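What you are looking at is a predicted structure, and each value in this text was computed from that prediction instead of being measured. Every chain is numbered from 1, with letters handed out A, B, ... down the list of sequences. The figures here come from the full heavy-atom set of this structure, side chains too, leaving out hydrogens, waters and symmetry mates.
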Amino acid sequence: MPDFSTSPGMRDITAPESLRWRRFVDVFESTVSAAGYELVIPPLLEDIGVFTRLGEATDVVTKEMYDFVDKGERHVALRPEQTASICRSFVEHRPTTPFKAWYSGPNFRYEKPQRGRYRQFDQVGVEVLGSLDPYVDVEVVQLGWIFFSSLGLQQVDLAVNSLGEPEDRAAYVAALASYFNERLDELSPESQQTLSRNPLRVLDSKRTQDQGVIAEAPLINSFWSDGAAAHFETFCNGLSTVGVPFSVDLKLVRGLDYYRGTTFEYRGGTLDSAQNALGGGGRYNGLVADLGGPDTPGVGFAIGLDRTLLACDDEGVFPAPAQHADVFVVDVCDGSDALLICSELRSSGIRTERSWDSRSMKAQMKAANRSGARFAILIGEDERASNTALIRDLRSDAEQISVPRNELLATLSTYLSSLQGAE
RNA sequence: GUGGGCGUAGCUCAGGUGGUUAGAGCGUCAGGUUGUGGCCCUGAAGGCCGGGGGUUCAAGUCCCCUCGCUCACCCCA
């Protein structure tokens, strides 16, 4: 047994999965940069106050934060999400609005790990600060939608809702609380507990015992102010205009307390309902002000890498890319020719591998085969003496050919580029 | 944080009711072919059976604790 392994909920992302992660972010970047979003890379560590503003009824803040006091007596935390960091950054630098940012990177939550849920987990996301326009909501939601289809995902459902103005939301929460309290004994013990902390979240219960009570609960739309209703209508119509399919889910509430107005969630059709949220977001018009900035509206989303990749696995799309060499140099002399050839070929952009430790030709050929290289270059005593190299096509039974060493690069380049054209 | 399942080789897993030196497939390495990969054959290396304690003449196997993974709940991405 090794002396160490990763801490609970932490893991190594190894090849080829690691390459898939890179590509995931690449696809996201091309999606959002096409719409003019700029990259922000906030620190992993922030003053804990940045996150406590997210809400006292939020488990993410109250129970799941990785926080500690540093050597300078500062109470800091590893970020549990990035929206608050982006807003803090906005307040600190005050870019011109509307400010459109995207990000990617790890977040930390101290919870019990399980499938699709880790203590360190990556998200990609966007935030738009400084506009109340409902078409910003449309643009943001559409970007996420485009991203999922760029990955090749077909079975993603988009649910949208509005929590109304803060007063609407407050009135609704009060109505909901009194409704649930009237039927308290019908609720599961867990939901009774949830009710005392955050009545909205009772709507999120997946327990069958609660479903009847939830089904008859009052709905948010009868509490919407005229303004909130109009914003939501424009938002929905905008989604239709750009061809993004959605369904209105008046019971959609999200875990972070800062949401106001528009909320939405992308759900994977192939995942179990308990953990089918691939990503989600909404409006958080009060957050920037809570962090000490000017009253600035915001809207954004975050998408989880792990669950989205699980959904990709289920649909058989966006596979891990295969990485292979173009050329493998087999040198059965002292390896010094391989040293030179690798250097020359690599500097010309040819992906070149070799063996070490003077292994037998058979062993080196096996390694060449495994590397996925199209061509093997063989250097033995004869080739060394005559200053030539053998080129062997590893994917056909064609005869290997001998070329002078000074023509090796040119010959290989020709072969490889003609193959590239053919594929 | 609560409950269920599971921890045996690098990986996937066998190992009725406790009983000599713990096995297989894949992978790795070497050889069969002293200059040639894939297919095939032979062999080798690789295990504190997650860790600790207990019961027993004897524990991979039974009991307790602990750590980890996993599933559900909670919560969330």
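- Applying the Watson-Crick and G-U wobble criteria (two distances, each under 3.5 Å), U17(B) pairs with nothing in any strand.
- Classified by interplanar angle (parallel below 30°, tilted 30° to 60°, perpendicular above 60°), the ring pair Y415(A)/F375(A) is tilted.
- Side-chain contact of S336(A) with R384(A): a donor-acceptor pair under 3.5 Å is present, judged by distance alone.
- Residue contacts shown for E265(A) are absent, as no nucleic acid heavy atom lies under 4.0 Å away.
- Look at A72(B): its Watson-Crick or wobble partner, with both distances under 3.5 angstrom, is U2(B).
- Separation of the Y37(A) and Y103(A) ring centroids does not fall under the 6.0 Å cut-off.
- Comparing the C1' positions of A14(B) and C6(B) gives a spacing of 16 Å, expressed to the nearest Å.
- Comparing the P positions of G7(B) and C62(B) gives an interatomic distance of 10 Å, to the nearest angstrom.
- Nucleotide G38(B): unpaired (no Watson-Crick or G-U wobble partner with both distances less than 3.5 Å).
- Considering only side-chain N and O atoms, S188(A) lies nowhere under 4.0 angstrom from the phosphate OP1 or OP2 of C73(B).
- Closest contact between the side chain of R359(A) and the listed nucleotides G38(B), G3(B), C29(B) involves C29(B).
- Remark: the separation of the C1' atoms in G27(B) and G10(B) is 7 Å, to the nearest Å.
- Between the CG atom in L195(A) and the OH atom in Y179(A) there is a gap of 11.5 Å [rounded to 0.5 Å].
- Geometrically, R354(A) engages W356(A) in a cation-pi contact defined by less than 6.0 Å to the ring centre and at most 45° from the axis.
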Derivation and outcome, salt bridge (Lys or Arg N to Asp or Glu O under 4.0 Å), residues R374(A) and D326(A): CA-CA 5 Å; R374(A) 180 59 194 256; D326(A) 296 317; over 6 Å; no
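- Within the structure, a side-chain polar atom (N or O) of Q114(A) is placed less than 4.0 Å from OP1 or OP2 of A72(B).
- Residue-to-nucleotide contacts include no donor-acceptor pair under 3.5 Å from the side chain of R115(A) to the base of U70(B).
- Taking atom CG of residue D382(A) and atom C1' of nucleotide U36(B), one finds them 13 Å apart after rounding to whole Å.
- For the segment residues 5-33 of chain A, residues with any heavy atom less than 4.0 angstrom from an atom of RNA chain B are, sorted by number, P8(A), G9(A).
- Across G43(B) and G3(B), the matching C1' atoms stand 50 Å from one another, rounded to whole Å.
- The side chain of N369(A) has G37(B) as its nearest neighbour among A77(B), G31(B), G37(B).
- Here, G53(B) and U28(B) have their P atoms 38 Å apart, quoted to the whole Å.
- One side chain, Y284(A) or E127(A), offers a donor N or O that lies under 3.5 Å from an acceptor on the other.
- What separates CZ of R370(A) from P of C26(B) is a distance of 15 Å, to the nearest Å.
- Pairing partner, G46(B): none, since no Watson-Crick or wobble contact has both distances short of 3.5 Å.
- Following rounding to the nearest Å, D357(A) (CG) and U28(B) (C1') show an atom-to-atom distance of 15 Å.
- To the nearest whole angstrom, the two C1' atoms, one in U61(B) and one in C75(B), are 39 Å apart.
- With ring centers used as reference points, F264(A) lies under 6.0 Å from Y266(A).
- Here, A44(B) and G18(B) have their P atoms 33 Å apart, quoted to the whole Å.
- Both E381(A) and L305(A) sit near RNA chain B, but only E381(A) has its closest nucleotide nearer the 5' end.
- Side-chain atoms of E111(A) and base atoms of A77(B) include a donor and an acceptor less than 3.5 Å apart.
- C67(B) and G25(B) have their P atoms separated by 38 Å, given to the nearest Å.
- Among the protein residues, Y118(A) comes within range of the nucleic acid bases, having at least one heavy atom under 4.0 Å from a base atom.
- With RNA chain B read from its 5' end, the first of the two nearest nucleotides for D122(A) and K362(A) is the one closest to K362(A).
- Contacts of R119(A) with the nucleic acid, taken as non-hydrogen atoms under 4.0 Å apart, are absent.
- Summarising the base pairing, U61(B) is matched to no nucleotide, lacking a Watson-Crick or G-U wobble pair whose two defining distances lie under 3.5 Å.
- The aromatic rings of F147(A) and F24(A) stand perpendicular to each other, their planes meeting at an angle above 60°, with 30° marking the opposite boundary.
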